[in-house]
Amino acid sequence: IQVAGGRVQHVLIQRNTVTHADHDLVEFDGDYGVLQDNFLNNSYQDLASGDTGYRSIEVQGSFNVVQRNLMEHARFGGGGYIAPLAMIRGNKNVVRQNVLYDGITYGLGVWCAASSPTVENLYIYNNTLYNVGGAAWAVYAYAGCQRLSRHVFANNLVMNSRMNTGTEI
């Protein structure tokens, strides 16, 4: 599912089962949208040998709400990339009351770079992250990042995180 950037606004993606995508199951790059009550599973273990797939969602845009979704099985992507279960960017986006399960690396990622120079006021709360291969939440500022600030990561339940101490936030 792809919601392209630009002037796309007020989109509701609700009660879907989405599996087996190439890169992201849902790329949500609009404003004032809602992604809720979905089952997102990007593992190919039932079709192919090995540990392949990629992340469940990438959220950009502004004023979006991602809530009450089950996101599971983020795996190795093409080219050796390792993806988190969810990547959240943009401004004033809310991620709440989701279950993120079985990621090969960190659970939720936030990053800023020249392609997305300002990422501010993200609210990530009341989520459950279980069996993630790294930190529950990772924040990265790459070359070209101008502002990566004022985020809230609160009241999340993190269980069985296999983080290497000192290597991730």
Side-chain angles (χ1 to χ4, degrees), residues 1-3 5 18 21-30 33 35 38 40-43 51-67 69-169:
I1 297 173
Q2 183 174 22
V3 176
V18 185
D22 181 29
H23 194 66
D24 300 313
L25 290 173
V26 179
E27 186 174 340
F28 204 65
D29 186 10
L35 176 74
N38 297 286
L40 307 171
N41 176 348
N42 209 7
S43 172
D51 210 5
T52 58
Y54 210 59
R55 69 180 156 240
S56 293
I57 63 168
E58 179 160 7
V59 178
Q60 300 178 60
S62 300
F63 305 101
N64 295 301
V65 176
V66 177
Q67 64 185 5
N69 299 288
L70 173 58
M71 298 174 241
E72 62 180 12
H73 306 306
R75 314 317 294 163
F76 290 107
Y81 293 112
I82 302 172
L85 285 154
M87 186 65 69
I88 312 299
R89 295 187 287 154
N91 296 294
K92 297 186 180 177
N93 290 318
V94 174
V95 179
R96 64 183 177 207
Q97 301 165 350
N98 297 286
V99 174
L100 294 90
Y101 168 72
D102 189 34
I104 207 161
T105 187
Y106 53 95
L108 289 155
V110 173
W111 65 271
C112 175
S115 62
S116 185
T118 302
V119 177
E120 293 186 305
N121 300 304
L122 301 179
Y123 303 95
I124 301 167
Y125 60 92
N126 293 352
N127 297 287
T128 299
L129 295 97
Y130 180 75
N131 206 31
V132 294
W137 183 45
V139 181
Y140 297 98
Y142 297 110
C145 178
Q146 296 174 6
R147 251 186 335 268
L148 180 62
S149 64
R150 295 190 295 271
H151 304 304
V152 174
F153 184 83
N155 202 40
N156 296 288
L157 176 61
V158 180
M159 298 178 296
N160 200 28
S161 171
R162 296 174 305 280
M163 183 175 140
N164 294 325
T165 305
T167 59
E168 297 182 16
I169 297 173

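Everything numeric in this text was worked out from a predicted model, so none of it was measured. Start at 1 with the first residue, then count along the sequence.
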How long is the span from the [atom1] atom in [X] to the [atom2] atom in [Y], to the nearest 0.5 Å?
{"X": "Tyr123", "Y": "Asn93", "atom1": "OH", "atom2": "CG", "result": "10.5 Å"}
{"X": "Asn91", "Y": "Asn64", "atom1": "CG", "atom2": "CG", "result": "10.5 Å"}
{"X": "Leu25", "Y": "Asn38", "atom1": "CG", "atom2": "CG", "result": "10.0 Å"}
{"X": "Met71", "Y": "Leu40", "atom1": "CE", "atom2": "CG", "result": "6.5 Å"}
{"X": "Met159", "Y": "Tyr130", "atom1": "CE", "atom2": "OH", "result": "6.5 Å"}
{"X": "Asn126", "Y": "Asn156", "atom1": "CG", "atom2": "CG", "result": "7.0 Å"}

Looking at [X] and [Y], what are the two nearest heavy atoms and their distance?
{"X": "Phe153", "Y": "Ala136", "value": "CZ-CB, 4.1 Å"}
{"X": "Gln146", "Y": "Thr118", "value": "OE1-OG1, 4.3 Å"}
{"X": "Ser116", "Y": "Cys112", "value": "O-SG, 3.4 Å"}
{"X": "Ala113", "Y": "Tyr142", "value": "CB-CB, 3.8 Å"}

Whether the side chain of [X] engages the backbone of [Y] through a donor-acceptor N/O pair (distance < 3.5 Å, no angle test) should be reported.
{"X": "Asn127", "Y": "Val99", "value": "no"}
{"X": "Ser161", "Y": "Gly134", "value": "yes"}
{"X": "His73", "Y": "Asn41", "value": "no"}

Residues that Glu120 engages under side-chain hydrogen bond (donor to acceptor under 3.5 Å, both in side chains), provided they are two or more places apart: Arg147, Ser149, Arg150

Passing option when Tyr106 is tested against Trp137, Trp111, Tyr140 for ring pair (Phe, Tyr, Trp, His ring centres under 6.0 Å):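 Filter result, single survivor: Tyr140.
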
Validation: residues 82-89 side-chain donor-acceptor distances under 3.5 Å, sequence neighbours left out:
residue: Arg89; atom: NE; partner: Glu58; partner atom: OE2; Å: 3.0
residue: Arg89; atom: NH2; partner: Glu58; partner atom: OE2; Å: 2.5
residue: Arg89; atom: NH2; partner: Gln60; partner atom: OE1; Å: 3.2

The single option from Val110, Val66, Val94, Asn98 passing side-chain contact (heavy atoms from CB on, under 4.5 Å) against Ile124: Val110

Minimum side-chain heavy-atom gap Val65-Arg96 below 4.5 Å: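 Sidechains of Arg96 and Val65: in contact.
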
